[in-house]
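Reading through the structure tokens given below for one structure.
In what follows, chains are A, B, ... by sequence order, proteins preceding strands, each numbered from 1. For clarity, every value in this text was computed on a predicted model and none was experimentally measured.
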Amino acid sequence: MKASQFFIATLKEAPADAEVISHKLMLRAGLIKRLAGGIYTWMPLGLRILRKVENVVREEMNRAGAIELLMPAVVPAELWQETGRWDQYGPELLRFKDRHQRDFVIGPTHEEVIADVARREIKSYRQLPLHLYQIQTKFRDEIRPRFGVMRGREFLMKDGYSFHASYEDLQREYQNMHDTYSRIFTRLGLKFRAVAADTGSIGGTGSHEFHVLADSGEDAIAFCPDSGYAANVELAEAVAPAVARNGHTEHMLKVATPGKTRCEDVAELLRLPVTRTVKAIAVMHDEQFFLLLLRGDHSLNEVKASKLPFLNPFRFASDQEVEQHLGCRPGYIGPVGIGPGIAVVADRTVAQMSDFVCGANEAGYHLTGVNWSRDLREPDYVFDIRNVVEGDSSPDGRGRLELCRGIEVGHIFQLRSKYSEAMKATFLDESGQPRIMEMGCYGIGVTRIVGAAIEQNHDERGIIFPRNIAPFEVAIAPIGYGKSQSVRDAASALYAELLADGYDVLLDDRDERPGVMFADLELIGVPNRITIGERGLKEGVVEFQERRDMAAVKVPLAEIGAFVRDRLGA
RNA sequence: CGGGGUGUAGCGCAGCCCGGUAGCGCGCCUGGUUUGGGACCAGGAUGUCGGAGGUUCGAAUCCUCUCACCCCGACCA
């Protein structure tokens with residue numbers, strides 16, 4: 001590609017509304033243009049990158065035995081009503097009516113459509129297993145789109161669905177996809193981790209997420225370097241303390257803590273470690289009032305709490321409700337002296353505590369030296385309802401947990417029969433009996449990968465794309481292209497040679513000043529650059545430079561083609 | 001949805017408090033000089049000041065409404 005015949009539109013200053021680095025760099029490099037909140041145009045340069053990611057995904061999916069198809073983005077409501085998700089999905093699902101007032105959605109995912117395909121087409125166990133996938137634009141009306149392409153509303157996704165005659169075969173394909181995803185992200189040049197995950201609204205049993213590791217990631221990941229355990233914090237189990245509850249040593253005492261409504265502040269005032277305090281969170285299920293108890297330095301895991309049958313679903317109690325049930329405004333509430341009608345759910349850690357501090361249900365006061373049984377009844381329920389913290393024991397009992405952040409770029413699920421049952425997707429087995437198909441589903445956020453790759457690979461000059469997704473593998477930067485015949489000849493000859501060798505090469509023939517040219521090539525992330533100038537040509541050399549370490553190597557002009565082949569491989 | 005903030009040229013911003021009809025940098029156009037790290041000189045184009053209504057002789061500026069965008073949101077302990 002010649003730069004003069006392409007479209008490069010870089011910016012010196014990033015638009016002010018960009019927050020994370022990948023968003024800023026994508027705007028500055030001219031990869032995307034915002035059209036509306038969470039909706040972007042992929043400019044030619046950005047599209048090259050997106051297509052490369054897409055193609056790696058496609059190649060590996062095909063290699064793994066999946067078959068590509070393309071489903072409509074617009075889906076009739078009846079299919080969604082059939083599985084009940086029309087009512088469950090909420091405002092994230094973009095709904096609209098056609099001219100006949102019939103309801104439609106723009107598909108945020110395609111379980112219903114594929115299950116419809118499967119039930120129409122698959123009649124016999126002989127047709128199984130079958131894995132169909134597509135790479136298609138999705139729309140989810142996110143509450144708060146942000147971070148550019150990382151949480152957009154419209155995005156490109158690879159979604160695959162597999163159908164099986166048995167659970168065992170589903171598990172085989174699940175492992176196949178686990179391996180395939182690992183290969184994909186390896187080929188894309190990303191540092192990633194597969195973690196056990198919650199199944200969320202999709203439903204089903206087993207599930208893994210694939211995260212690109214980056215500090216700006218929206219998800220927290222717990223992992224154990226010793227055992228290899230890894231899970232999304234939403235799911236990671238906080239194991240019960242190994243030690244039994246200590247006997248009490250203090251009397252319960254009411255102490256004045258005016259203005260101290262946070263555990264940290266109370267602990268500081270009382271000169272106690274925050275690990276001696278207990279926080280109470282008031283929640284409602286239907287019209288029933290619950291107190292959730294956590295150690296002062298721990299935080300509630302809403303996903304875990306939601307899974308408790310007697311709390312599903314719950315919401316946080318309003319200030320009025322707190323006052324109505326405890327006779328006290330929020331800030332000083334606690335489990336001591338409450339009515340029998342209020343159920344107390346203690347985190348495992350709290351259930352093991354003794355001589356602790358909690359709110360006195362009286363504004364401006366806390367209680368110290370509180371002990372279970374002696375000062376209040378034992379908790380009604382004891383469950384793991386907190387987020388794990390760094391240093392917790394690994395749930396597999398081997399070592400301690402560490403935390404890091406990740407960007408979710410892939411998610412695989414064992415759906416089992418949730419959709420096939422709702423949509424009556426059956427097949428005839430060997431004995432001629434109808435049976436429900438086992439289903440798996442496997443997603444990759446193609447768009448998001450581009451953002452994630454940049455989060456992980458950039459410096460102060462701009463993007464450093466991994467070679468397999470770079471818009472160009474190598475750029476030729478001729479200095480004085482317009483003036484110097486010898487530079488022009490050398491650049492053109494090299495361009496032709498690299499093209500013939502099959503490289504994705506950019507010849508920057510815009511006749512820009514060197515500073516402009518270098519800055520652009522560095523910003524857009526071209527991983528290799530060959531600089532050709534009269535100065536070097538007089539000595540018969542050109543310069544080869546890698547984007548990542550920037551050390552220039554002088555290479556004789558006659559050998560540069562061979563040098564590139566040696567350096568980049570065929 | 002609640003809270004906070006911002007809308008002025010393609011991008012980044014000033015002007016707004018103290019009304020007098022718009023400015024800076026980058027980019028863009030023309031000519032010239034330059035050419036190994038975002039050049040220099042000279043000339044030039046570009047704005048319904050997010051939109052609607054109001055106050056006023058006069059509104060980017062004051063008032064009301066609206067739209068768009070950005071940031072934050074269990075921390076009840």
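Judged by Watson-Crick or G-U wobble contacts below 3.5 Å, the nucleotide U35(B) has no partner. Judged by Watson-Crick or G-U wobble contacts below 3.5 Å, the nucleotide U61(B) has no partner. Using the Watson-Crick or G-U wobble rule with both distances under 3.5 Å, C69(B) pairs with G5(B). When both pairing distances are held under 3.5 Å, C28(B) makes a Watson-Crick or G-U pair with G44(B). For U56(B), there is no paired nucleotide, since no Watson-Crick or G-U wobble pair has both relevant distances below 3.5 Å.
Atom C1' of G51(B) sits at a distance of 7 Å from the matching atom of C67(B), rounded to the whole Å. Using P as the reference atom, U56(B) and G50(B) are 23 Å apart when rounded to the nearest Å. Rounded to a whole angstrom, the distance from the P atom of G27(B) to that of G73(B) is 38 Å.
If you run side-chain hydrogen bond (donor to acceptor under 3.5 Å, both in side chains) between Arg529(A) and each of Glu546(A), Glu543(A), Glu522(A), only Glu522(A) comes through.
Residue contacts shown for Val516(A) include a base, since a base heavy atom lies under 4.0 Å away. Nucleic acid contact for Asp520(A): base, since at least one base atom lies under 4.0 Å from a heavy atom of the residue. Residue contacts shown for Leu11(A) are absent, as no nucleic acid heavy atom lies under 4.0 Å away. In this structure, Arg461(A) reaches the bases: a heavy-atom distance under 4.0 Å links it to at least one base atom across the strands shown. Across all strands, Gly533(A) comes closer than 4.0 Å to base atoms (heavy-atom distances). As judged by a 4.0 angstrom heavy-atom cut-off over every strand, Gly482(A) is placed among residues making no nucleic acid contact. Among the protein residues, Ala16(A) comes within range of the sugar-phosphate backbone only, with heavy atoms under 4.0 Å from sugar or phosphate atoms but none that close to a base. Nucleic acid contact class of Ala317(A) (heavy atoms, under 4.0 Å, all strands): base. Here Glu321(A) lies out of heavy-atom contact (under 4.0 Å) with every strand. Residue contacts for Arg315(A): at a heavy-atom cut-off of 4.0 Å it reaches no nucleic acid atom on any strand shown. Across all strands shown, Arg510(A) has no heavy atoms under 4.0 Å from either base or sugar-phosphate atoms.
Classified by interplanar angle (parallel below 30°, tilted 30° to 60°, perpendicular above 60°), the ring pair Phe290(A)/Tyr381(A) is tilted.
To the nearest 0.5 angstrom, Arg386(A) atom CZ is 14.5 Å from Leu292(A) atom CG.
An OP1 or OP2 oxygen of A68(B) is reached within less than 4.0 angstrom by no side-chain nitrogen or oxygen of Arg34(A). In this model, the phosphate group of C72(B) is approached by a side-chain N or O of Arg144(A) to a distance below 4.0 Å at OP1 or OP2.
When each of G12(B), A74(B), G36(B) is scored by its nearest atom to the side-chain atoms of Ser299(A), the top-ranked nucleotide is A74(B). Nearest nucleotide to the Gln545(A) side chain, out of G12(B), A74(B), G37(B): G37(B). Of the listed nucleotides (C69(B), G38(B), G36(B)), G36(B) has the atom at the smallest distance from the side chain of Arg535(A). Distance from the side chain of Glu543(A) is smallest to G36(B) among C76(B), C11(B), G36(B). Across C76(B), G36(B), C72(B), the shortest atom-to-atom separation from the side chain of Ile281(A) is found for C76(B).
Spacing between atom CG of Leu292(A) and atom P of C76(B) amounts to 15 Å, rounded to whole angstrom units. In this structure, the CZ atom of Arg547(A) is 17 Å from the P atom of G37(B), given to the nearest Å. For the pair Leu291(A) CG and C75(B) P, the computed distance is 16 Å after rounding to whole Å. Distance Arg488(A) CZ to U35(B) P: 16 Å, rounded to the nearest Å. Atom CD1 in Ile479(A) sits about 8 Å away from atom P in G37(B), given to the nearest Å. Distance, Leu293(A) CG to C75(B) C1': 14 Å, rounded to whole Å. The CG-C1' distance, from Asp347(A) to C75(B), rounds to 15 Å in whole Å. The distance from atom CZ of Arg28(A) to atom P of G38(B) is 15 Å, rounded to the nearest whole Å.
Residues Arg405(A) and Ser216(A) bring no donor and acceptor atom of their side chains to less than 3.5 Å of each other. Side chains of Asn371(A) and Asp355(A): a donor on one and an acceptor on the other come within 3.5 Å. Side-chain contact annotation: Ser299(A) with Asn387(A), donor-acceptor N/O pair under 3.5 Å present.
Electrostatic pairing of Glu234(A) and Lys307(A) does not count as a salt bridge here, judged by no charged N lying under 4.0 Å from a carboxylate O. Taking a cutoff of 4.0 Å between a charged side-chain nitrogen and a carboxylate oxygen, Arg510(A) and Asp508(A) qualify as a salt bridge. A salt bridge between Arg151(A) and Glu142(A) is present, with a side-chain N of the basic residue lying under 4.0 Å from a carboxylate O of the acidic one. Look at Arg48(A) and Asp504(A) and you find a salt bridge, because one of the NZ, NE, NH1 or NH2 atoms lies within 4.0 Å of a carboxylate O, short of that distance.
Scanning atom types as modelled, one donor and one acceptor separated by under 3.5 angstrom connect the side chain of Arg529(A) and the base of G37(B). Side-chain atoms of Glu522(A) and base atoms of G38(B) include no donor and acceptor less than 3.5 Å apart. Applying the 3.5 Å distance criterion, the base of G36(B) shares no donor-acceptor pair with the side chain of Glu534(A).
In this structure, His325(A) has its ring center closer than 6.0 angstrom to the ring center of Phe289(A).
Where His366(A) and Pro15(A) each meet RNA chain B at their nearest nucleotide, the meeting point lying more 5' is that of Pro15(A). Nearer the 5' end of RNA chain B, as judged by each residue's closest nucleotide, is the contact made by Leu300(A), out of Arg295(A) and Leu300(A).
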Distances for protein N/O vs nucleotides 27-34 of chain B N/O pairs under 3.5 angstrom?
unit_1: U34(B); atom_1: O2; unit_2: Arg513(A); atom_2: NH1; d: 2.8

